[in-house]
Amino acid sequence: MSAHPLSPSARVSAVAANANAPVGIFDSGLGGLSVLRAVRAELPDETILYVADSLYAPYGDRDDDFIADRTLTIGQWLMQQGAKALVVACNTATAQSIAMAREALPIPLVGVEPGIKPAALQSKTRVAGVLATQVTLRSARFQDLLARYAADCRFLCQPGHDLVQAVERCDVGSAELRALLRGYLEPMLDAGADTLVLGCTHYPFLNAAIRDIVGDRLTLIDTSVAIARQLGRVLDQHGLRAQPDEALTVAPRFCSTGDGSHQQQLAASLLLIEAAVEHVAIPSRRTANLSSRAAVGRAILS
Ligand code: DGL
């Protein structure tokens with residue numbers, strides 16, 4: 001894809017963004033709510049429009065083109081809804097498609113990536129674990145992070161198979177989930193790790209279960225607060241930071257491509273946000289076939 005002809009600030013004015021517009025936050029599912037929590041704490045005057053692509057989660061099981069297609073289409077949808085900036089609150093989507101999304105979308109973008117740098121800075125044993133999706137771990141962006149920041153620190157990279165699915169069904173502490181986590185974390189402890197990078201935005205919702213297994217032997221690295229601060233800097237650079245308005249109660253607008261019931265449940269129980277979730281259809285090139293196949297299936301069944 002060719003480079004965008006306008007500079008970032010010209011591109012923002014080209015879409016006439018204004019500071020009162022919402023920030024769009026998107027994830028494959030509910031994980032981005034951990035980023036939303038940090039954004040609300042750090043930037044309380046911002047209104048937020050959140051999209052969970054739960055119908056197609058987990059992205060970690062999808063091919064690269066599918067993830068790029070969804071990231072771009074949802075980014076465009078958020079812009080049509082008036083978003084002034086976009087947070088790709090998904091390590092997998094960032095790893096796979098942030099460069100392409102930056103080229104294609106004329107609003108400021110903030111992505112997320114595993115906290116390899118802070119982990120390498122703070123590990124004393126020089127052994128750290130990373131839990132992330134397979135797609136994130138095998139991505140060139142992640143390999144580049146390791147090459148740049150791992151230095152003399154050994155990173156034990158563990159795909160968190162089935163963890164996203166557990167959070168998507170609001171399971172943050174069942175016996176099965178704990179057994180799964182134990183299988184991932186105990187080898188890290190045995191290898192002398194003192195630090196654990198949570199390289200997927202779903203995983204901070206598993207903090208309590210992780211703590212029950214590792215006690216205080218691992219320092220958990222979650223980059224959501226750093227992402228919220230980065231968003232604040234980016235909004236300032238573009239003159240897009242919302243002005244404080246005492247009269248305004250800023251409740252997020254929650255949207256989901258799925259039925260939204262688990263999103264509503266997780267937001268209420270872990271974020272203490274009581275808000276309805278709108279079902280939204282965001283068709284894209286790669287899901288057009290899936291939808292028509294599903295429609296054919298339904299027609300055959302009926
Ligand atoms: N929250 C996403 C991430 O940070 C989960 C990816 C997935 O759906 O597999 O990577």
Side-chain angles (χ1 to χ4, degrees), residues 24-39 50-71 73-75 86-98 101 109-116 119 129-143 145 157-172 177 180-181 184 196-207 210 220-228 230-231 254-258 262-263 266-267 270-271 282 284 286-287 290:
I25 302 182
F26 128 80
D27 179 39
S28 60
L30 310 188
L33 293 174
S34 65
V35 176
L36 176 141
R37 175 171 57 189
V39 169
Y50 183 90
V51 174
D53 197 17
S54 290
L55 190 59
Y56 301 109
Y59 282 3
D61 291 350
R62 302 284 183 178
D63 64 66
D64 299 351
D65 177 66
F66 188 96
I67 298 167
D69 174 51
R70 294 305 292 161
T71 304
T73 306
I74 293 172
L86 173 64
V87 180
V88 180
C90 176
N91 289 266
T92 308
T94 300
Q96 211 40 65
S97 37
I98 192 93
L109 255 71
V110 174
V112 301
E113 55 192 12
I116 297 301
V130 187
L131 264 184
T133 68
Q134 185 84 275
V135 172
T136 298
L137 294 177
R138 67 155 199 253
S139 68
R141 266 184 92 88
F142 179 74
Q143 293 305 322
L145 268 183
C157 298
Q158 170 64 55
H161 298 300
D162 292 335
L163 296 179
V164 168
Q165 289 92 326
V167 174
E168 285 295 306
R169 48 175 196 270
C170 292
D171 175 2
V172 294
L177 172 75
L180 198 61
L181 279 171
Y184 297 152
L196 174 65
V197 177
L198 301 177
C200 168
T201 53
H202 281 71
Y203 301 167
F205 293 124
L206 304 177
N207 272 7
I210 293 173
L220 305 187
I221 307 284
D222 161 14
T223 53
S224 53
V225 173
I227 294 154
Q230 171 65 5
L231 173 63
F254 284 144
C255 299
S256 175
T257 57
H262 287 156
Q263 186 173 335
L266 196 84
L270 297 180
L271 274 63
I282 309 181
S284 63
R286 288 293 301 275
T287 60
L290 296 179

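In this chain, numbering begins with 1 at the start of the sequence shown. Counting starts at 1 for both ligands and their atoms, following the listed order. Side chains are part of it too, since the values below use all heavy atoms of this structure and drop only hydrogens, waters and symmetry mates.
When every heavy atom of Phe66 is checked against every heavy atom of Arg286, the shortest pair comes out as N-NH1, 3.3 Å.
In this structure, CD1 on Ile74 lies 9.5 Å from SG on Cys90, to the nearest 0.5 angstrom. To the nearest 0.5 Å, atom CG of residue Leu30 and atom CD of residue Glu168 are 4.0 Å apart.
Partner of Ser97 under the side chain to side chain donor-acceptor pair (under 3.5 Å) criterion, out of Asp64, Thr92, Thr71: Thr71 alone. When each of Thr133, Thr136, Asp53, Asp27 is checked for a side chain to side chain donor-acceptor pair (under 3.5 Å) with Tyr59, only Asp53 meets the rule.
No side-chain heavy atom of Phe142 sits less than 4.5 Å from a side-chain heavy atom of Asn91.
Protein residues with any heavy atom under 4.0 Å from ligand 1: Asp27, Ser28, Pro58, Tyr59, Gly60, Cys90, Asn91, Thr92, Thr133, Val164, Cys200, Thr201, His202.
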